[in-house]
Amino acid sequence: MTTVARRPTLDEIAEARGRVAPHIARTPLVRLDLGFPDRQIFLKLETLSPIGAFKLRPALNAVLSRDPAVLRNGVAVTSSGNMAYGMAWAARLIGVPMVAYMYSGAPQTKIDGVRELGGEVRFVTDETWWDYIIGADRPDAPELLINPVTDRAVLAGNGSIGMEIVEDLPNVDVVLTPYGGGSMTTGVASAIKTGSRPARVFAVEDECAAPVCAALEAGRIVTVETRPSFIKSIGAPSLVPQLWPVARELIDGAIAVSPAQVADAIRLLFRKAKIVAEGAGAASLAAAMARPDLKGNIVCVISGGNIDAAAYSVVLAGGIPPA
């Protein structure tokens, strides 16, 4: 089994930020003026990453912090899409082979992105994919397999998002992050919670697969029933056990949003700010709209914009795409 994860330190996060900075421009934090009298909404636009998603940060840090000797046979990652995309970008940068283990339902735009960057996609069943994520199994292959959820360098890379938020908005009150495997939420919260005025951090889930909400209610990890949804990259039948103890200590709660609420948020981002967001990327804004009790300066991490064109067209036309 994979070693239990550890919260990255502020020094590790700062090192990660310095490591990836030559390759990734700082993403902006912009205000979304919705006319609320008692709260201000800000957007952390990870959609402006070179791959259109935040995952380039953890992928680059995971690769660049390794001894090149351990990467001689290449690098591999298990991913629903964006982490594979980021790892392909990072592998091409240093000139090593890259393999992504993905399930067949992953968004085509992300599969295409991996291949266009020279990565190889190996499709596995949903069950095998999950076993690789939680460390119950691993592929018999020569590449270095980097866990996209529990790897220390991955968590530190994600922490750079939180570090930038605090620098740009020192009086932040609430940070909303989409929760898939949990590495972004954990990394961001690790940076946010070190300040003299720590903000509250909430995990945002798709109500069609909301294991964080279930775990917080039960006081332990539980397996939930899932329903198909167009919102990819967040939601799973359960939680990664190696990361949950760390995430649980850092988050202040979880918010489940519906596909309809997320579709509304995608349309709002386009209409008010001309921002293209995928389902998981817009989930944090959907959560902010669903929770008027959250006051003050609220930051929504818009994690990615890699939505398939057909699905985006359906949303902009007022519909909800098929799962």
Quick check for you: to the nearest 0.5 Å, what is the distance between [X] atom [atom1] and [Y] atom [atom2]?
X: Ser233; Y: Met184; atom1: OG; atom2: CE; result: 10.0 Å
X: Thr185; Y: Ile251; atom1: OG1; atom2: CD1; result: 7.5 Å
X: Asn297; Y: Arg39; atom1: CG; atom2: CZ; result: 12.0 Å
X: Phe42; Y: Ile165; atom1: CZ; atom2: CD1; result: 11.5 Å
X: Gln242; Y: Asp151; atom1: CD; atom2: CG; result: 12.5 Å
X: Leu29; Y: Glu167; atom1: CG; atom2: CD; result: 11.5 Å

When you measure from the side chain of [X] to the backbone of [Y], do you find a donor-acceptor pair of N or O atoms at a distance under 3.5 Å?
X: Ser284; Y: Val301; result: yes
X: Asp206; Y: Ala256; result: no
X: Arg66; Y: Ala62; result: yes

Are [X] and [Y] side-chain neighbours, meaning at least one heavy-atom pair lies under 4.5 Å?
X: Leu34; Y: Met289; result: yes
X: Val204; Y: Val257; result: yes
X: Leu145; Y: Pro139; result: yes
X: Leu155; Y: Leu243; result: yes
X: Pro97; Y: Asn73; result: no
X: Pro292; Y: Phe36; result: no
X: Trp89; Y: Val63; result: no
X: Ile134; Y: Pro241; result: yes

Check: Run the side chain to side chain donor-acceptor pair (under 3.5 Å) check on Glu46 and Thr27 step by step: do they pass?
Finding: CA-CA 6 Å; Glu46 291 300 299; Thr27 57; 2.5 Å; yes
Any chance the side chains of [X] and [Y] put a donor and an acceptor closer than 3.5 Å?
X: Asn158; Y: Ser183; answer: yes
X: Asn82; Y: Glu278; answer: yes
X: Ser79; Y: Lys110; answer: no

Next item on the list: Would you please name every residue forming a salt bridge (charged side-chain N to carboxylate O under 4.0 Å, His left out) with Arg31, sequence neighbours left out?
Entry: Asp33
Next item on the list: Please check if atom CD in Gln108 has more than 12 non-hydrogen atoms from other residues, nucleotides or ligands closer than 6.0 Å.
Entry: yes
Tell me the closest heavy-atom pair linking [X] and [Y], and the distance in Å.
X: Pro228; Y: Cys208; value: O-SG, 4.2 Å
X: Leu144; Y: Val70; value: CB-O, 3.8 Å
X: Ala263; Y: Val315; value: O-CG1, 3.6 Å
X: Val212; Y: Ala254; value: CG1-CB, 3.5 Å
X: Thr186; Y: Ser190; value: O-OG, 2.7 Å
X: Thr47; Y: Ile275; value: OG1-CG2, 4.3 Å

Next item on the list: Can you tell me which residue pairs pass the side-chain hydrogen bond (donor to acceptor under 3.5 Å, both in side chains) test with a partner in residues 243-252, sequence neighbours excluded?
Entry: Lys193-Asp252
Spell out, yes or no, whether [X] and [Y] are grouped together once hydrophobic residues are joined by side-chain heavy atoms under 4.5 Å, including indirect joins.
X: Ile307; Y: Leu56; result: no
X: Val77; Y: Ile234; result: no
X: Met83; Y: Val121; result: yes
X: Leu176; Y: Val30; result: yes
X: Val99; Y: Val149; result: yes

Next item on the list: Using a strict 4.0 Å threshold on nitrogen-to-oxygen distance, state whether Asp308 and Lys232 make a salt bridge.
Entry: no
Next item on the list: For Ile298 and Phe202, run side-chain contact (heavy atoms from CB on, under 4.5 Å): C-alpha distance rounded to whole Å, both residues' side-chain angles, the deciding distance at 0.1 Å, then the answer.
Entry: CA-CA 11 Å; Ile298 301 170; Phe202 289 85; over 6 Å; no
Margin query: Between Glu164 and Lys44, does the side-chain contact (heavy atoms from CB on, under 4.5 Å) criterion hold? Intermediate values first, please.
Written below: CA-CA 9 Å; Glu164 291 176 8; Lys44 180 61 170 168; 2.6 Å; yes
Check: Can you list the residues that meet the side chain to side chain contact (heavy atoms under 4.5 Å, CB included) rule with Asp293, with sequence neighbours excluded?
Finding: Arg291
Note to self: Tell me which one of Asp173, Ile255, Ile41 satisfies side chain to side chain contact (heavy atoms under 4.5 Å, CB included) with Leu294.
What the structure shows: Ile255
Note to self: Walk me through whether Phe54 and Thr177 qualify under side-chain contact (heavy atoms from CB on, under 4.5 Å).
What the structure shows: CA-CA 11 Å; Phe54 79 99; Thr177 64; over 6 Å; no
Next item on the list: Any salt bridge (charged side-chain N to carboxylate O under 4.0 Å, His left out) involving residues 126-148? Give me the pairs, sequence neighbours left out, ordered by first then second residue.
Entry: Arg122-Glu143
Notebook entry, point to check: For residues 77-101, which residue pairs qualify under salt bridge (charged side-chain N to carboxylate O under 4.0 Å, His left out), counting only residues two or more places apart or in two chains?
Noted result: none
Next item on the list: Let me see the working for Val75 and Ile146 under side-chain contact (heavy atoms from CB on, under 4.5 Å), right down to the final yes or no.
Entry: CA-CA 7 Å; Val75 63; Ile146 293 177; 3.6 Å; yes
Next item on the list: Applying ring pair (Phe, Tyr, Trp, His ring centres under 6.0 Å), name anything that partners Tyr312, two or more places apart in sequence or on another chain.
Entry: none
